[in-house]
Protein chains: 2
Amino acid sequence: MLNEKTVSHSVECGDCPIRHRAVCARCESDELERLEEIKYYRSFEAGQTVIWSGDRMDFVGSVVTGIATLTQTMEDGRTQMVGLLLPSDFVGRPGREGSAYDVVATTDLVMCCFRKKPFEALMERTPHIAHRLLEMTLDELDAAREWMLVLGRKTAREKIASLLTIIARRDASLKLQTPKGSMVFDLPLTREAMADYLGLTLETVSRQISALKRDGVISLQGKRHVTVPDFGRLLEEAGDDSDGGMLA
Amino acid sequence: MLNEKTVSHSVECGDCPIRHRAVCARCESDELERLEEIKYYRSFEAGQTVIWSGDRMDFVGSVVTGIATLTQTMEDGRTQMVGLLLPSDFVGRPGREGSAYDVVATTDLVMCCFRKKPFEALMERTPHIAHRLLEMTLDELDAAREWMLVLGRKTAREKIASLLTIIARRDASLKLQTPKGSMVFDLPLTREAMADYLGLTLETVSRQISALKRDGVISLQGKRHVTVPDFGRLLEEAGDDSDGGMLA
DNA sequence: AAAATTCTTTGACCCAGATCAAGTGCGCGA
DNA sequence: TCGCGCACTTGATCTGGGTCAAAGAATTTT
């Protein structure tokens with residue numbers, strides 16, 4: 001009976017179509033069951049704000065479908081995106097009261113949330129989950145620092161190429177159909193959102209995308225559907241030597 | 001006897017003149033004693049590299065005295081500083097093999113290190129320490145994202161002012177002698193290092209510092225010793241609404 | 001289907017900050 | 001005391017990306 005439960009519970013918690021990154025492969029059935037007890041779903045429409053910076057945040061959770069962004073805004077309206085949340089990404093700051101950023105749905109969004117207090121209690125009792133959370137936070141820290149290099153030292157063209165490589169790498173739809181080095185995916189962001197991520201204006205984003213298209217680095221079907229014939233070439237354009245494990 | 005040990009061990013581990021941020025106020029004597037067993041000191045001269053990006057890193061630790069930086073470098077030499085390590089700051093990535101960044105001593109530096117394997121083992125057994133590490137990593141993540149706003153959206157003058165507020169807030173020497181809103185501290189970085197932190201050139205850094213001096217926001221004694229007559233004014237110049245708990 | 005709204009592209013011009021190039025001043029070893 | 005080197009400053013000029021403006025393309029509303 002115990003054995004049966006252990007087997008029937010996979011790492012995917014319950015009915016979520018994603019693998020919760022807060023849950024590790026070593027987590028066992030009773031931990032997953034406790035997670036089931038405190039979880040619930042929330043849906044948002046494109047453009048809706050999930051939570052405002054400074055607001056009390058009484059949940060943590062993962063993106064199930066859709067895209068959300070973390071942004072910071074100055075009083076005069078300048079905004080900087082500091083994080084991009086794709087399906088399976090974790091949101092929330094265990095041990096912290098409020099949100100440090102605005103979290104905004106840029107597409108229709110479904111999140112799988114866990115009530116924060118019981119989640120923290122579960123974390124206290126479950127070293128696996130606490131460890132997994134530290135892992136994830138270290139990953140986010142690496143990503144943030146990588147992005148500091150992009151923001152501080154790369155040219156507009158390199159910035160665009162860097163963003164495209166990140167989206168390409170994370171996009172689920174491409175795992176199958178790549179005829180050797182080529183990639184196809186959809187841009188989940190408007191030109192303005194890309195600009196806010198890259199520290200540019202939307203006009204510059206548009207111009208640089210046109211330039212990459214003109215130079216054959218990418219091609220576009222419509223405004224959002226991107227084809228990358230040679231991913232290695234895109235990496236070069238990004239000024240990025242590492243391939244992030246996608247090639248070779 | 002147990003009680004005596006608990007009392008005699010303060011949060012400061014052994015003979016370190018700093019409070020290790022990896023150690024929390026709730027840690028008890030036996031945990032601290034195990035830390036004592038695996039700790040050792042390392043000294044570096046100004047300019048020396050503590051560890052290269054990608055190298056195997058078999059320790060974690062805290063800065064005791066001096067300043068170190070975390071930097072990323074592109075193949076063509078463009079450099080971005082992604083972290084500034086002041087006394088008590090933690091270095092190291094529990095659970096990770098190598099260093100993701102170059103760590104460089106910018107002044108003479110003393111670090112208190114713990115051998116990584118036993119530290120990780122201690123972490124496994126000691127939820128306090130694992131929790132403290134998650135706290136610290138979340139702090140670093142907040143700092144990195146705050147810096148993304150600086151890099152992506154602030155002007156050169158605002159960038160300089162932002163850096164000065166950060167250094168001023170962390171500088172130990174000023175806790176005492178502030179005649180109401182004023183601050184005195186030493187710049188621990190060369191103009192070039194500041195430029196690498198801010199995504200600017202050293203010439204622009206120099207010019208903007210001169211401009212802030214001309215406008216009475218700061219004054220300099222020598223090249224490095226800074227006086228800020230009105231910290232609130234400096235915060236305005238940084239485009240920063242929050243005071244980070246230093247005022248009011 | 002026409003109209004309104006939103007997203008995107010492209011052009012013309014401008015400016016903050018980069019680049020190139022001298023200097024200045026201080027500390028340190030001979 | 002000299003002079004060498006390094007950190008810093010300042011000037012002149014250039015340019016990548018911002019700003020302002022206008023006009024497509026999509027999508028939604030009426």
Side-chain angles (χ1 to χ4, degrees), chain A residues 45-48 67 74 76-80 104 106-108 150-164 186-215 218-226 237 239, chain B residues 45-47 67 74 76-80 106-108 150-164 186-215 218-226 237 239:
Chain A
E45 292 177 13
Q48 223 181 326
I67 314 276
M74 296 171 68
D76 61 9
R78 282 177 281 177
T79 67
Q80 176 65 51
V104 180
T106 57
T107 65
D108 288 349
V150 173
L151 290 172
R153 292 301 185 194
K154 290 194 179 179
T155 65
R157 173 184 263 241
E158 288 169 333
K159 284 178 173 182
I160 298 287
S162 298
L163 180 57
L164 292 178
D186 284 304
L187 287 174
L189 301 172
T190 65
R191 301 288 185 262
E192 186 178 26
M194 288 189 247
D196 284 341
Y197 204 16
L198 296 166
L200 297 170
T201 60
L202 67 91
E203 293 94 332
T204 298
V205 169
S206 180
R207 271 187 259 270
Q208 294 299 334
I209 287 178
S210 298
L212 288 173
K213 201 167 51 177
R214 171 174 43 73
D215 299 343
I218 60 174
S219 66
L220 289 188
Q221 292 74 49
K223 305 295 182 190
R224 298 292 190 88
H225 195 71
V226 180
E237 292 286 350
Chain B
E45 291 176 14
I67 314 275
M74 295 170 68
D76 61 9
R78 282 178 282 177
T79 301
Q80 177 65 49
T106 58
T107 64
D108 288 349
V150 172
L151 290 171
R153 291 303 185 194
K154 291 193 179 180
T155 64
R157 172 183 265 243
E158 290 169 332
K159 284 178 173 182
I160 298 287
S162 298
L163 180 57
L164 293 178
D186 284 303
L187 288 175
L189 300 173
T190 65
R191 302 289 185 261
E192 186 179 27
M194 288 190 248
D196 284 341
Y197 203 16
L198 296 167
L200 298 171
T201 59
L202 66 90
E203 294 94 331
T204 298
V205 170
S206 181
R207 272 187 256 271
Q208 294 300 334
I209 288 178
S210 298
L212 288 173
K213 202 166 54 176
R214 172 173 44 69
D215 299 343
I218 59 173
S219 65
L220 288 188
Q221 293 75 49
K223 306 294 183 189
R224 297 293 190 89
H225 195 71
V226 180
E237 292 286 351

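In what follows, chains are A, B, ... by sequence order, proteins preceding strands, each numbered from 1. Atoms considered below: every heavy atom in the structure, side chains included; atoms not considered: hydrogens, waters and symmetry mates.
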**Message:** Starting the side chain at C-beta, find the nucleotide from C/dG17, D/dT9, D/dG17 nearest to A/A156.
**Reply:**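 Closest nucleotide to the A/A156 side chain: D/dG17.
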Atom-to-atom span, [atom1] of [X] to [atom2] of [N] - whole angstrom:
| X | N | atom1 | atom2 | value |
| --- | --- | --- | --- | --- |
| B/Q221 | D/dC8 | CD | P | 16 Å |
| A/L187 | C/dC7 | CG | C1' | 13 Å |
| A/L220 | C/dC7 | CG | P | 18 Å |
| B/L151 | C/dA16 | CG | P | 20 Å |
| A/H225 | C/dC7 | NE2 | P | 21 Å |
| B/I209 | D/dT10 | CD1 | P | 11 Å |
| B/E192 | D/dC8 | CD | C1' | 12 Å |
| B/R191 | C/dG25 | CZ | P | 15 Å |

Would you indicate, yes or no, if [N] has its OP1 or OP2 atom less than 4.0 angstrom from a side-chain nitrogen or oxygen of [X]?
| X | N | answer |
| --- | --- | --- |
| A/R207 | D/dG16 | no |
| B/S206 | D/dT9 | yes |
| B/R224 | D/dC8 | yes |
| A/T204 | D/dG18 | yes |

**Request:** Identify the two heavy atoms, one from B/L202 and one from B/A195, that lie closest to each other, and give their separation to 0.1 Å.
**Result:**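 In this case the closest contact between B/L202 and B/A195 is N-CB, 3.6 Å.
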**Message:** So which atom in A/L151 and which in A/Y197 form the shortest heavy-atom distance, rounded to 0.1 Å?
**Reply:**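 Smallest interatomic distance, heavy atoms only, reads CD2-O, 3.6 Å.
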**Asked** Relative to the 5' end of DNA chain D, which residue comes earlier, A/K154 or B/K213, by the nucleotide with the nearest heavy atom?
**Response**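 Per heavy-atom nearest nucleotide, the more 5' residue is B/K213.
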**Pairwise 5' ranking along DNA chain C for A/R153 and A/K223, keeping only the more 5' one** =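 Per heavy-atom nearest nucleotide, the more 5' residue is A/K223.
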**Item:** Most 5' of A/T190 and B/V205 on DNA chain C, judged by nearest nucleotide
**Value:**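 The residue closer to the strand's 5' end, by nearest nucleotide, is A/T190.
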**Asked** Any Lys/Arg nitrogen of A/E237 or A/K159 sitting under 4.0 Å from an Asp/Glu carboxylate oxygen of the other?
**Response**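 Looking at A/K159 together with A/E237, the answer is no, because their closest N to O distance does not fall below 4.0 Å.
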**Prompt:** Less than 4.5 Å apart, any side-chain heavy atom of A/L164 and any of A/L187?
**Reply:**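 In contact.
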**Item:** Close side-chain approach of A/I209 to A/M194, heavy-atom, < 4.5 Å
**Value:**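 Answer yes - side chains close enough.
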**D/dC8 base / B/E203 side chain donor-acceptor hit below 3.5 Å** =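 Flag unset: no donor-acceptor pair detected.
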**Message:** Need one value for A/G47: base, sugar-phosphate or nothing, where a base atom within 4.0 Å counts as base even if backbone is also close, heavy atoms only.
**Reply:**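 No contact at all - A/G47 keeps every heavy atom at 4.0 Å or more from the nucleic acid.
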**Message:** Need one value for B/L200: base, sugar-phosphate or nothing, where a base atom within 4.0 Å counts as base even if backbone is also close, heavy atoms only.
**Reply:**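 Since only primed, P, OP1 and OP2 atoms lie under 4.0 Å of B/L200, the category is sugar-phosphate.
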